[in-house]
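I have placed the structure first, in the form of structure tokens, so that the comments after it can refer back to it.
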Amino acid sequence: MAYSDKVLDHYNNPRNVGSLDKSKASVGTGVVGAPECGDVMKLQIEVEGDRIVDAKFKTFGCGSAIASSSLATEWLKGKTIDEAMEIKNTQIVEELSLPPVKIHCSVLAEDAIKSAIADFKAKHGGAAPGGKS
Amino acid sequence: MPDCARCSAALTSALVCEACGALVPGAAAGDPFAVFGLTTAYTIDARALRKRLLKLSRLLHPDFHGTAEAAQRELAAHHSAELNSAHEVLADDCRRADWLVRHLGGPSEQTERAMPQAFLMEVLEWNEALEAARGSAPGSAPRAALGALAADLEAQRRALLQSLNRLLEPLPATGAPALADARRALNALRYIDRAAGEIAELVLGATAPR
């Protein structure tokens, strides 16, 4: 299958690969998987105040899954939690020109963002994110 | 199942009349149990399945219908292919469970996709172990660690197959909650099989020249 240039770019030069300390109060971790293909994606955010200052990912899966999570971390940095919640898989599909059979990869990335934010919020008592990290 | 249109005997397979050998016209609606004339159940007797396969293969074999008109020969070829796909579903514990969960209106892997975080973290760790092993020489510690991981995966696989057996035997009612549990077990098996397959590939690749 032919990957778009943007997918290939993220696949060959993935941005923000790695891990943040998941035990830190300021870090939210989301791990999601796609049972259809066995792909698994970990996405982490580090939050200061209500702003995401760092994002890392680790994805074991196809090129589109890697590109989707790489792009997601790029977009997350500098956004507020509320802005991050607005990221939709369709935006990832559009940016990377993903074909229909790879749309589930973008869904996985959106799920990972939501899951990381949920984890961060849970660490802060489920309350709206504030400066108490 | 209806009676045979030619000899009126009760049909024991959705594809062929075992009394007179007449092919049942039309497609068999994709029910592998009806194709084999077996009771719809998760537990299957492998020997009985094999026996049915041999008997039905012979009755459906295109050579057996070699002198019949073209439409009949084509039907025989089509039914033979259907018999083989039905056998693939019935002979595989995971595929048989998957078929039953769908048949009983249970969730698909798309709708019941969420897995516990702890399990997904574990999947991530398997993949990290695989990644470390790929980057190291045969005989190194990361390679050696794969042996223990493979054994662990095999143990988990056995446990999941046992829970599938508990969930699907006796067969739950249509739409029962046990079907969602069975789907999650099948999802977990998918992750396990993929990791186990990659380990096997790496281990074999290390000993055999590419």
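Note that these values count all heavy atoms, side chains included, but never hydrogens, waters or copies made by symmetry. Every chain is numbered from 1 and lettered A, B, ... according to where its sequence line falls, protein lines coming before strand lines. Note that the coordinates shown come from a computational prediction; the quantities given were computed from them, not determined experimentally.
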Using only distance, no hydrogens or angles, which N or O donor-acceptor pairs sit under 3.5 Å between chain A and chain B?
residue, atom, partner, partner atom, Å
Val31(A), N, Gln117(B), OE1, 3.4
Val31(A), O, Gln117(B), NE2, 2.6
Ala34(A), N, Tyr191(B), OH, 3.0
Glu36(A), O, Arg190(B), NH1, 3.0
Glu36(A), OE2, Arg113(B), NH1, 3.0
Cys37(A), O, Arg194(B), NH1, 2.6
Asp39(A), OD1, Arg194(B), NH1, 2.9

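Heavy-atom distances place both the backbone and the side chain of Met121(B) under 4.5 Å from chain A.
Around the NZ atom of Lys24(A), the shell of radius 6.0 Å holds no more than 12 heavy atoms that belong to other residues, nucleotides or ligands. More than 12 heavy atoms of other residues, nucleotides or ligands shown are found within 6.0 angstrom of CD on Glu74(A). Other residues, nucleotides and ligands contribute at most 12 non-hydrogen atoms within 6.0 Å of the OH atom of Tyr11(A).
Within the structure, no pair that satisfies the ring pair (Phe, Tyr, Trp, His ring centres under 6.0 Å) test touches residues 153-186 of chain B, not counting sequence neighbours.
Minimum heavy-atom separation, Val123(B) to Val40(A): CG1-CG1, 3.8 Å.
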